[in-house]
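The structure under discussion appears below in the form of structure tokens.
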Amino acid sequence: MTEKLVIIGNGMAPGRMLEHLLEKAPGHYQVTIFNAEPRVNYDRIMLSPVLSGEKDYEQIIIHGDGWYIKHGITLYKGHRIVAIDRDARTVTSDHGVTESYDKLVIATGSVPFIIPVPGNTLPGVITYRDLDDVQAMLLAAQSREKAVVIGGGLLGLEAAAGLAGRGMDVTVLHVMPTLMDRQLDPAAGYLLQKELEGRGIKIVCKANTKAIVGSGKVEGIELDDGRIIPATLVVMAVGIRPSVGLAKEAGLAVNRGIVVDHGMQTSDGSILALGECAEVAGQVYGLVAPLYEMARVAASHLAGDRSAGFVHSDTPTKLKVTGIELFSLGDFADGDDREEIVLRDASAGVYKRLVLKENRIIGTVLYGETSDGAWFNDLKKKAVDIAEMRETLIFGQAYQGGAPLDPMAAVAALPDDAEICGCNGVCKGRIVSTITDKGLTSLDDVRAHTKASASCGSCTGLVEQLMTLTLGESYNPAAVQPMCGCTDLGHDDVRRLIKAKKLKTIPAVMQELEWKTSCGCAKCRPALNYYLVCDWPDEYADDYQSRFINERVHANIQKDGTYSVVPRMWGGVTNAGELRAIADVVDKFEIPLVKVTGGQRIDLLGIEKEDLPAVWADLGKAGFVSGQAYAKGLRTVKTCVGSDWCRFGTQDSTGLGIKIEKFMWGSWTPAKLKLAVSGCPRNCAEATCKDIGVICVDSGFEIHFAGAAGLDIKGTEVLGLVRTEGEAMEHIVALTQMYREQARYLERIYKWAKRIGLEEIRRQIIGDADKRKAYYDRFVFSQKFAQVDPWSERVSGKDKHEFKPMATVGYNQAAE
Amino acid sequence: MDRTWIAIGTIADIPLRGARCVKTPQGKVAVFRTAENEVFAIEDHCPHRGGPLSQGIVHAKAVTCPLHNWVISLETGKALGADEGAVKTIPLRNDDGALFIALESLMMAAE
């Protein structure tokens, strides 16, 4: 029988619990999740790399929307549960949704601690907890002004390093005498402080915040010694508190966290709690490994196996700041019954300390060189008597047995049950056997199948060494990410070689560049087709079968196999005749949905494939051409009404938008390209989140680029200000061509720009008139071959086979 | 048991590295032609979310579903890679380019 399972919270712990539960008891529960955050389950540990720019949001998603659909899980995003009715067994969200449960899991996580000082609610004071906080920090960092981070622990230092990397002037205030005092001893804390100061981050220890000052917004921080530190952004990272309000109101036993037994059960037999909000044996947890252990236990109990119990274990801590090697584990306080072994190498910036009790390791601090962390962790876990190797213990595993071993040998020497990935509790044996059994060859595969290195990523080096060990020299982690499994070459190499070797067909590329498959795959073929179209516009014959279905049939495939059709409306302008023609087509073909898009177009959805040519024929008669809403190419140019109508308009934004669209339609680009032109800085056409945008001002046209408003939200960067429409056109076109020639397939302009650098783009497009003109000319040349309306081509019979079934069979036989 | 073979057209009707659909009372059948001129027929219904496999990109003896990029073997109907699932393969006969398929329930209806 199916029972109803409701989960409050959609963080990493309940996400992992569901993975286990789906494996152990598939179909046993009908699952509903309420997530106060308006998004799917993502890897919170990786927020720091997002802040520093090493990763983006889509790379840290654990479960995409598809995962919930695939498993029939209902996810309410942005719904905060406001009440639990334990008698009726229901929960109710702030949007008024009520759901009944047989089993309820509370995973409300924690809330950041806000220090109770005056001014702590001023705008500009934020915490560091979720993606919204990161986005707020990224926005603030654009000002390049001063930031203060309160809290010199793990989170605070990662926030500080991220903000400093983004160009802010950062000061860290820490109340204790040394940084990360809960994980590091004073010596390592001192080394860390020196390193961070060397990177331009100011550190003030023993700093007690008295007040946050400012009128209307943050202007600075006042310490209790009277010092004022100016800041426009204050990040509070002083710790977290289990979020227990809801459980308390529901009358559950609550201490520091929600009290649960070793099976994660609360004081109510139908309710479990896990994650940062749960308190087990008097302890609450904040690191991912124990939370994942809770997830495993909770899933077992929900699946009916009551034997599993949560066991406490120490978790190693690492700081995720690029270039800082730091490892901390267990207990390292001084004590009469303890001994220690210390190694310092000041010039190399290395500090290692082992704390021993009765010849067993109970604590470890490594700074500057941490490769033996896993080994020390293993020794501690197994309580190995180290008396025999005491003399050389601190030098690490490589020095045991007399001769130094290379790092590979160190990994090879680890026992099978040595833990490699602390976050996910994956041991060496499991990784090696999965690599062998499933024939895995890439790090991504290993992450997908074992979860090792899939959370914080700090064990990636170890996992890669294991891969080299298992797969031999054929695995080279330093190599460029290949385009796909068909080649070892990366996108950039392939693009370079296509030009250098004058390769002009897909078979030529595959032959010359030694493709490993006979005819490529669905990843490399569309990419190669684009590169060849872009590089040899006049000579290359487009390979129809290497295009994704949408570009093959010039419409957008929908989930039910029908298509949507978007006619081009230049600059978003239409008229009565066009609307009448659309209305007639909708009636004639009984089109189920007509929808206005975000790019100012009309979308006709639910059209059967066989009807497409007839729909296009009718639209064509009214003067419509394809809106290419399906293309990795120029999509739309969105406009506002501009100086013709608007009392604020400074230029004819509608007219410029139409000119740009008429000039650029039909061009293929690495990924979709959306433009907008706003007639004044009020920006009604929302040009500052587009791939390329124009803001008209009295003195001319401000050209923007590299915005995003999808998975990522990012304001545009300014390319420059030009005086005339003609100049605006030349700059926009040249920028587009530079992007066309350099980006990797499916790489949006903002990612390309980030990769090659905004300054380089400005140098070539603004600073070098000859280069700009050359780009412009190459774009104009390629447009000669690209501006053909694909709809009218197909109306006149091209690719006829595509729209008809090959045969219709069986109906006669069945009728007989 | 003898199969009833139903003519569906010729190999030339299908583009190289492409596919066509055949409509049957049991739903659509996708007929594929690989770069090597082999021909395969499978249900036109991805085991994942029911995407029309005939609309996917054909590579070697596999097709990538247009909806969520599952890769399905044309020979076995099974999902390749880390995904699990399978579609029915449909018996297909190629007589010098003339193509025939056999449908089980059709045979029953015809009896």
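Chain naming here is simple, since letters A, B, ... match the order of the sequence lines and numbering starts at 1 in each.
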Donor-acceptor pair, side chain of B:Arg20 and main chain of A:Ala807, under 3.5 angstrom: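 Judged by distance alone, no pair lies under 3.5 Å.
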Could you look at [X] and say if it's the side chain, the backbone, both or neither that has a heavy atom under 4.5 Å from chain A?
X       : value
B:Ile8  : both
B:Leu16 : backbone
B:Val58 : backbone
B:Ala19 : neither

Pairwise distance [atom1]([X]) to [atom2]([Y]) - rounded to 0.5 angstrom:
X        : Y        : atom1 : atom2 : result
A:Ser518 : B:Glu36  : OG    : CD    : 5.5 Å
B:Ile101 : A:Met806 : CD1   : CE    : 9.0 Å
B:Arg17  : A:Ser546 : CZ    : OG    : 5.0 Å

Answer yes or no: does atom [atom1] of [X] have more than 12 heavy-atom neighbours from other residues, nucleotides or ligands under 6.0 Å?
X        : atom1 : value
A:Lys516 : NZ    : yes
A:Lys24  : NZ    : yes
A:Lys804 : NZ    : no
A:Glu610 : CD    : yes

Closest non-hydrogen atom pair between [X] and [Y], with its separation:
X        : Y        : result
B:Ala60  : A:Cys519 : N-SG, 3.3 Å
A:Gln545 : B:Ile57  : O-CG2, 3.9 Å
B:Thr64  : A:Ala522 : OG1-CB, 3.1 Å

B:Pro52 vs A:Lys609 side-chain heavy atoms within contact, under 4.5 Å: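 No, too far: nothing below the 4.5 Å cut-off.
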B:Lys28 vs A:Pro805 side-chain heavy atoms within contact, under 4.5 Å: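 The answer is no; the side chains never approach within 4.5 Å.
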Under 4.5 Å from any heavy atom of chain B - which part of A:Arg552: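 It is the side chain, since no backbone atom gets that close.
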A:Thr517 versus chain B, the contacting section by heavy-atom distance below 4.5 Å: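 For A:Thr517, no heavy atom lies under 4.5 Å from chain B.
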